[in-house]
There are 2 protein chains.
Amino acid sequence: MKNVNIRELARELNLSPSTVSKALRDSYEISAATKERIRALAEKLNYIPNAYAGSLRGRKSKNIAVVLPEVADSFFSIAINGIEAAVKPKGYHVIIYLTHESYAGEAAILKDFQSGRVDGVLLSVSRETTTAAHVQELLEKEVPVVFFDRVLEAVPVPKIVTDDFESAYRATTHLIEQGCRRIAYLGLSESLSICNRRREGCEQALEDHSLPCLRRNMLTCSTDATQNFRMVKKLLQHPERPDGIIASVEKLTATVYQACQQLALHMPEDIRLVCFSNLEIATILQPSLSTVTQPAFDMGKAAAETLVKWLEKRTLTAKDVRIVIPSELMVRGSSGK
Amino acid sequence: MKNVNIRELARELNLSPSTVSKALRDSYEISAATKERIRALAEKLNYIPNAYAGSLRGRKSKNIAVVLPEVADSFFSIAINGIEAAVKPKGYHVIIYLTHESYAGEAAILKDFQSGRVDGVLLSVSRETTTAAHVQELLEKEVPVVFFDRVLEAVPVPKIVTDDFESAYRATTHLIEQGCRRIAYLGLSESLSICNRRREGCEQALEDHSLPCLRRNMLTCSTDATQNFRMVKKLLQHPERPDGIIASVEKLTATVYQACQQLALHMPEDIRLVCFSNLEIATILQPSLSTVTQPAFDMGKAAAETLVKWLEKRTLTAKDVRIVIPSELMVRGSSGK
DNA sequence: TTGAAAGCGCTAACAA
DNA sequence: TTGTTAGCGCTTTCAA
């Protein structure tokens, strides 16, 4: 069964394609009666406009791309919901692209957008991404890009972030107040904006409390779970092992719990842990996991709203350039008493 | 900066657009020398073909849609990786659409595909979906659809599933062998294929062991977490409360653990639990969670491969009609000793 | 109020 | 081996 197109509708009604087109877009040029006839037939024949023709013609696709490192992560999976919530009422389609934390993947995806495949892009960069050329190139083609969470500071586009420095500072201070003196930080990447800010927040808190910040306690994890486990275990077997951990990476939660179990270290007596995470099951872990809970939904929503504003040519005001939505420190069993 | 198109390349080289087009698609008609000149210029000018023009012309988009209930679920987030793995080497793009467990949402998305927006669809239906008209309509437009995991049996298209009946049967039998006599089943929906098969597997196991299958122990959860919590709690407060639970829904893991905690029921002594789940943190829960682990990656991969085969007109053999990949019962602390 | 015609960028018959 | 031409489905001047 072939698809009905505008020409067929026109033929059926003894009208011209242009009249039909106008009627369907509710143009003032067309009489109410004609509009009604046309709409009725379109409905009856189940006419569905060809998206490609429209996009080719009008250079608007009503698609926005969401480019993410991965989706098996509570932050991103929730952020997607926020994005959809913001964008659906405006009639945009959300298309999710996964980089799998690879810079090459990310660059290839953005490259593809240069031909106008999408109207705009929401981007959270991969852990490997250090340069911005691929984003710049896209911007030169006048495809709007809005960063969220993992941003590239060098690129002059709107950024929606959380208060990574402050929340890491708060989490670290909390650990110190609980009596921790040797605090370790586990990051995801040396280059990622969020990881560096969190590390800095952690370091600042240590400094403000005149505590040492040891090189060996500031670690960056790999993509390999086994290796991460070894790394964490080694960290905890050191004669002067840390008594507090700030984990910047949700995935490390399981690793730390397991390592503690194997080494018979008890949380929170022997060691305290706070993890950046939006995992729902944080509460049912034993002990329950203290988290820095990021405003995932709201960040996605804000990012999408900013992009839409841009797409609709409503000039972005200075305050859109950087939106910071605070995270919340949820003290639970792994760091509380 | 405008985008370069084929005409500009042609003008620059004093060639015709069609020559350029052919060269770029490596046609045998074009001399090696010309091909090289064209390719070099395309590279230099960073030529990127307009996807819409190609799709409009050739009625192929090289996009495949993945329509999912949600993405904040370990099964789906892993399945996506399997799909991408299968499809990337074939040059297809994966576009993820979310129904949020809503039939209306699902129908709207599929409707949109009728105009050829995507070449094919991988579908796992929403919990609300009971009818197949929306899928049928799409098939009539000759858009291939392949089901995975949550299938609609009535639609004659390939289905990639796991052995829901058998694995529920195995899990239930396991609970019985551990001494459970009053086993409850928690489902996601009354209509969902997978839920019904799992329930049936559970019931069959009970019957085969001459155990009663009580109405009040076969529950269906809602979308509201608070309500689910109440439901589970009520279940566990019954004078003849169950001593074993098969949970068909990953999200209920936290609910059950919390309810047990509140009611001071200990797993596995007081009650045993097996959950259909691919959550990585199953191992670090206290007690660690026994799971029916679904072959999420392989199911996604198989579904995508089947779809690609169909798209490439390689006739689907009878064995492609239904692929069953077995799940694995992982006995851990919540049901073991 | 309606229609004719051109063109978005690309490809494939067909001609040269 | 290369070029000419038509057309995918739609919108939008401009003319009737």
Side-chain angles (χ1 to χ4, degrees), chain A residues 1-39 41-42 45-63 112-119 141-142, chain B residues 1-39 41-42 45-63 112-119 141-142:
Chain A
M1 176 181 163
K2 270 312 305 113
N3 241 316
V4 252
N5 57 27
I6 278 201
R7 251 209 324 279
E8 282 176 54
L9 292 184
R11 181 148 27 84
E12 198 92 10
L13 292 168
N14 266 359
L15 288 169
S16 78
S18 57
T19 305
V20 175
S21 171
K22 285 171 187 162
L24 291 173
R25 327 198 85 230
D26 204 21
S27 160
Y28 66 95
E29 300 179 82
I30 308 298
S31 74
T34 312
K35 271 185 195 168
E36 210 21 76
R37 282 209 303 148
I38 291 174
R39 271 204 276 260
L41 186 71
L45 262 43
N46 190 25
Y47 166 72
I48 294 167
N50 181 308
Y52 294 119
S55 302
L56 177 57
R57 175 82 235 263
R59 32 210 358 80
K60 295 255 150 305
S61 65
K62 278 282 182 177
N63 287 148
D112 196 53
F113 296 159
Q114 288 190 32
S115 68
R117 187 184 275 276
V118 296
D119 294 349
K141 304 279 178 158
E142 285 169 7
Chain B
M1 176 181 164
K2 270 311 304 114
N3 241 316
V4 258
N5 59 26
I6 278 201
R7 252 210 322 281
E8 281 176 55
L9 292 184
R11 181 149 26 83
E12 197 93 9
L13 292 169
N14 266 0
L15 289 168
S16 79
S18 61
T19 305
V20 175
S21 170
K22 285 171 187 160
L24 292 172
R25 326 196 86 230
D26 204 21
S27 160
Y28 66 95
E29 301 179 79
I30 307 299
S31 74
T34 312
K35 271 185 195 168
E36 209 22 74
R37 282 208 305 148
I38 293 174
R39 270 204 276 261
L41 186 72
L45 263 42
N46 191 24
Y47 165 73
I48 294 166
N50 180 308
Y52 295 119
S55 301
L56 177 57
R57 176 82 238 266
R59 31 212 356 83
K60 294 256 153 302
S61 65
K62 278 281 180 179
N63 287 149
D112 197 53
F113 296 159
Q114 289 191 32
S115 68
R117 188 184 276 275
V118 295
D119 294 348
K141 303 280 177 155
E142 285 169 8

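Sequence lines set the chain letters: A, B, ... in the order given, protein chains first and strands last, and positions in each chain run from 1. Side-chain atoms are counted along with the backbone in the values below, which use heavy atoms only and exclude waters and symmetry mates.
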Whole angstrom value for the distance that separates [atom2] of [N] from [atom1] of [X]:
X      : N      : atom1 : atom2 : result
A:R7   : C:dG3  : CZ    : P     : 15 Å
B:E36  : D:dT1  : CD    : P     : 15 Å
B:Y28  : C:dT11 : OH    : P     : 16 Å
A:I48  : D:dG9  : CD1   : C1'   : 14 Å
A:N14  : C:dG3  : CG    : P     : 9 Å
A:Y52  : C:dT11 : OH    : P     : 15 Å
A:R117 : C:dG9  : CZ    : C1'   : 14 Å
B:L56  : D:dA6  : CG    : C1'   : 13 Å

Could you tell me which non-hydrogen atom of [X] sits nearest to which non-hydrogen atom of [Y], and how far apart they are?
X     : Y      : result
A:I30 : A:K22  : CG1-CB, 3.7 Å
A:A42 : A:L24  : CB-CD2, 4.1 Å
A:Y52 : B:G116 : CE1-O, 3.0 Å

message = Tell me whether B:S55 contacts the main-chain N or O of B:A51 through its side chain, where contact means a donor paired with an acceptor under 3.5 Å.
response =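 Checking the backbone N and O of B:A51 against the side chain of B:S55, a donor-acceptor pair under 3.5 Å is found.
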query = In terms of side-chain heavy atoms of A:A53, which of D:dT1, C:dG3, D:dG9 is nearest?
reply =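 In terms of side-chain proximity for A:A53, the closest of D:dT1, C:dG3, D:dG9 is D:dG9.
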key: Nucleotide of D:dT4, D:dC10, D:dT2 approaching B:L15 most closely (side-chain heavy atoms)   =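 Ranking D:dT4, D:dC10, D:dT2 by closest atom to the B:L15 side chain puts D:dT2 first.
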inquiry  = If you define the side chain from C-beta out and look only at heavy atoms, does anything of B:L9 sit under 4.5 Å from B:E12?
reply    =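 No, too far: nothing below the 4.5 Å cut-off.
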Considering only nitrogen or oxygen atoms on both sides, find all protein atoms under 3.5 Å from nucleotides 12-16 of chain C and state each distance.
from, atom 1, to, atom 2, distance (Å)
C:dA13, N6, B:K22, NZ, 3.4

request  = Assign each of A:K35 and B:N5 to its nearest nucleotide of DNA chain C by heavy atoms, then name whichever residue's nucleotide is nearer the 5' end.
outcome  =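 The residue whose closest nucleotide sits nearer the 5' end is A:K35.
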query = When all nucleic acid strands are considered with a 4.0 Å heavy-atom cut-off, which category describes A:I6: base, sugar-phosphate, or nothing?
reply =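 The residue A:I6 makes sugar-phosphate contact but no base contact.
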request  = Report which part of the nucleic acid B:T34 touches: base, sugar-phosphate, or nothing (heavy-atom distance under 4.0 Å, all strands).
outcome  =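 Touches sugar-phosphate only.
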key: Residue-phosphate contact under 4.0 Å: B:S31 side-chain N/O, D:dT2 OP1/OP2   =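 Yes, within the criterion.
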Which residues share a side-chain hydrogen bond (donor to acceptor under 3.5 Å, both in side chains) with A:D112, sequence neighbours left out =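 A:D112 satisfies side-chain hydrogen bond (donor to acceptor under 3.5 Å, both in side chains) with A:R117 once adjacent residues are dropped.
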key: Distance-only side-chain donor-acceptor flag, A:S115 / B:N50, under 3.5 Å   =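 No pair is found: no donor N or O on one side chain lies under 3.5 Å from an acceptor on the other.
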